[in-house]
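Below: one structure, written as structure tokens.
Naming: A, B, ... by sequence-line order, numbering from 1 per chain.
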Protein chains: 2
Amino acid sequence: MPDSKKQLLFQKQARIAQAIGHPLRLEIVDFLKDGEQCVCDIAEQIGAERSNVSRHLSVMVAAGVLEHRKEGLKVIYRLKCPCILEFFKCMSGMLKQQARESSRLLNEL
Amino acid sequence: MPDSKKQLLFQKQARIAQAIGHPLRLEIVDFLKDGEQCVCDIAEQIGAERSNVSRHLSVMVAAGVLEHRKEGLKVIYRLKCPCILEFFKCMSGMLKQQARESSRLLNEL
DNA sequence: TTACTATATGAGTATATACTCATATAGTAT
DNA sequence: ATACTATATGAGTATATACTCATATAGTAA
């Protein structure tokens, strides 16, 4: 792959990673894994202001993580691709490794 | 799982996602998948200032993505857990989906 | 010792992000 | 029409991040 293309790829991937690199946004993704939801229900679930939630949702739409459609007054958001959930598996692997290491260090004291 | 624990988990996961949510840092991770490297070689590979690379490396160490050891004058960095590479698979899935959608939209014109 | 190399970090600046409040828009219901 | 609801967004502020340059530290080599 040419270098410029690689740069572009890294940029897009970084944008996706950054889009889920916030506790509230991860919580939203986790909530949406069970099905699409409107803004106000998301806001209630995660306990944040609607305007703030709306912005977080925009960030994820811009990065291509979510998509949305209108239904009456409401706007319904859903995961654009379930493959984003793979991320959680990846994270569990990392955190388990970190936990293993911590307990190893503890045992050495 | 209790809510407070979930919050903490989301926070940790977000930190990891954010740690790889930057083009240069993704490029570093990609470079390190083939084996550990010292700061100056990483800096040369990705074409950035050493001090800047050093900071990016610190961010990833703090998030638990990388670990390092000293060898003489050099500091060698490596992936803490190969599971971080799963992230790239996850990303490819997302980007392929986005590409499919773009071409579908194009065909509808 | 001095000179050199690799890395880390303080300080400063520029930019980006997160958040809140107020307001605008769009649809619903009367 | 008015009143209401859901969502988005402009403006302001606070905080975080990325970057650069200069300097400090630690190890190597003469």
Side-chain angles (χ1 to χ4, degrees), chain A residues 7-8 10-32 35-78 80, chain B residues 7-8 10-32 35-78 80:
Chain A
Q7 300 303 321
L8 206 72
F10 285 132
Q11 232 169 307
K12 286 203 178 199
Q13 292 178 330
R15 195 151 183 226
I16 295 176
Q18 220 195 0
I20 54 176
H22 188 286
L24 287 187
R25 294 203 287 263
L26 271 182
E27 198 171 351
I28 292 172
V29 170
D30 185 62
F31 183 46
L32 291 180
E36 57 183 22
Q37 298 283 351
C38 69
V39 180
C40 61
D41 287 350
I42 297 171
E44 196 184 358
Q45 165 73 18
I46 71 174
E49 283 224 2
R50 284 185 198 179
S51 63
N52 194 17
V53 168
S54 179
R55 271 182 225 278
H56 282 305
L57 291 167
S58 303
V59 169
M60 291 193 279
V61 168
V65 174
L66 303 184
E67 53 188 4
H68 61 286
R69 70 191 162 81
K70 238 187 158 185
E71 196 170 273
L73 254 183
K74 300 190 173 179
V75 179
I76 315 286
Y77 285 82
R78 64 170 171 275
K80 187 162 188 174
Chain B
Q7 300 302 320
L8 206 72
F10 285 133
Q11 231 169 308
K12 285 203 180 199
Q13 291 178 329
R15 194 152 184 224
I16 295 176
Q18 217 194 4
I20 55 178
H22 187 287
L24 287 187
R25 294 202 287 262
L26 271 182
E27 198 172 350
I28 291 172
V29 170
D30 186 63
F31 183 47
L32 291 180
E36 57 183 21
Q37 298 283 350
C38 69
V39 179
C40 60
D41 286 350
I42 296 171
E44 197 184 358
Q45 165 74 18
I46 71 173
E49 283 222 5
R50 284 184 198 180
S51 64
N52 193 18
V53 169
S54 179
R55 271 182 225 277
H56 282 305
L57 291 167
S58 302
V59 169
M60 291 192 280
V61 168
V65 175
L66 303 184
E67 54 188 5
H68 60 286
R69 69 191 160 81
K70 241 190 155 185
E71 195 170 274
L73 254 185
K74 300 191 174 177
V75 178
I76 314 287
Y77 285 82
R78 65 171 171 274
K80 188 161 185 175

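- The two residues B:Pro23 and A:Ala14 come nearest to each other via the heavy atoms N-CB, 3.5 Å.
- Applying the ring-ring contact (aromatic ring centres under 6.0 Å, His included) rule to pairs touching residues 42-71 of chain B yields B:His22-B:His56, B:His68-B:Tyr77, sequence neighbours excluded.
- No more than 12 heavy-atom neighbours from other residues, nucleotides or ligands sit within 6.0 angstrom of CD on B:Glu44.
- A distance of 6.0 Å separates CG in B:Leu26 from CD in A:Gln13, rounded to the nearest 0.5 Å.
- Of all the residues in residues 15-31 of chain B, not one reaches under 4.0 Å from DNA chain C with any non-hydrogen atom.
- Distance CD (A:Glu71) to P (D:dT7): 11 Å, rounded to an integer number of Å.
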What string of B, S and - do you get for nucleotides 8-14 of chain D, 5' to 3', when a contact is any protein heavy atom under 4.0 Å? BBBB---
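- Here the side chains of A:Gln7 and B:Glu27 are in contact, with some heavy-atom distance below 4.5 Å.
- Across the protein-nucleic acid pair, B:Arg69 atom CZ and C:dT7 atom C1' stand 15 Å apart, rounded to whole Å.
- Residues A:Leu32 and A:Gln37 form a side-chain contact, since some pair of their non-hydrogen atoms from C-beta on lies under 4.5 Å apart.
- The overall bend of the helix from C:dT1-D:dA30 to C:dT30-D:dA1, read as the angle between its terminal helix axes built from five base pairs each, is 20° when rounded to 10 degrees.
- In this structure the side chain of B:Val39 never reaches within 4.5 angstrom of the side chain of B:Lys74, judged on heavy atoms.
- To the nearest angstrom, P of D:dA16 lies 13 Å from CD of B:Gln11.
- Remark: A:His56 is not in phosphate contact with C:dT17, judged by side-chain N or O atoms under 4.0 Å from OP1 or OP2.
- Taking 4.5 Å as the limit, every side-chain heavy atom of A:Val75 sits out of range of all side-chain heavy atoms of A:Arg69.
- How far CD of B:Gln45 is from CZ of B:Phe31: 4.0 Å, rounded to the nearest 0.5 Å.
- Here D:dA6 is the nucleotide among C:dC21, C:dA6, D:dA6 with the atom lying nearest to any side-chain atom of A:Lys74.
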Once base and sugar-phosphate atoms are separated, protein heavy atoms under 4.0 Å mark nucleotides 23-30 of chain D, 5' to 3', with B, S and - as ---BBS--
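- For A:Ala19 against A:Ala63, the heavy-atom pair with the smallest separation is CB-CB, 3.5 Å.
- Toward the 5' end of DNA chain C, the nearer of the two residues B:Cys38 and A:Ala48, judged by each one's closest nucleotide, is B:Cys38.
- Under the rule for a side-chain hydrogen bond (donor to acceptor under 3.5 Å, both in side chains), B:Arg50 has no partner lying at least two apart in sequence or in another chain.
- Checking side-chain atoms of B:Arg25 against main-chain N and O of B:Gln18 turns up a donor-acceptor pair under 3.5 Å.
- To the nearest 0.5 Å, atom CG of residue B:Leu66 and atom CG of residue B:Leu57 are 6.5 Å apart.
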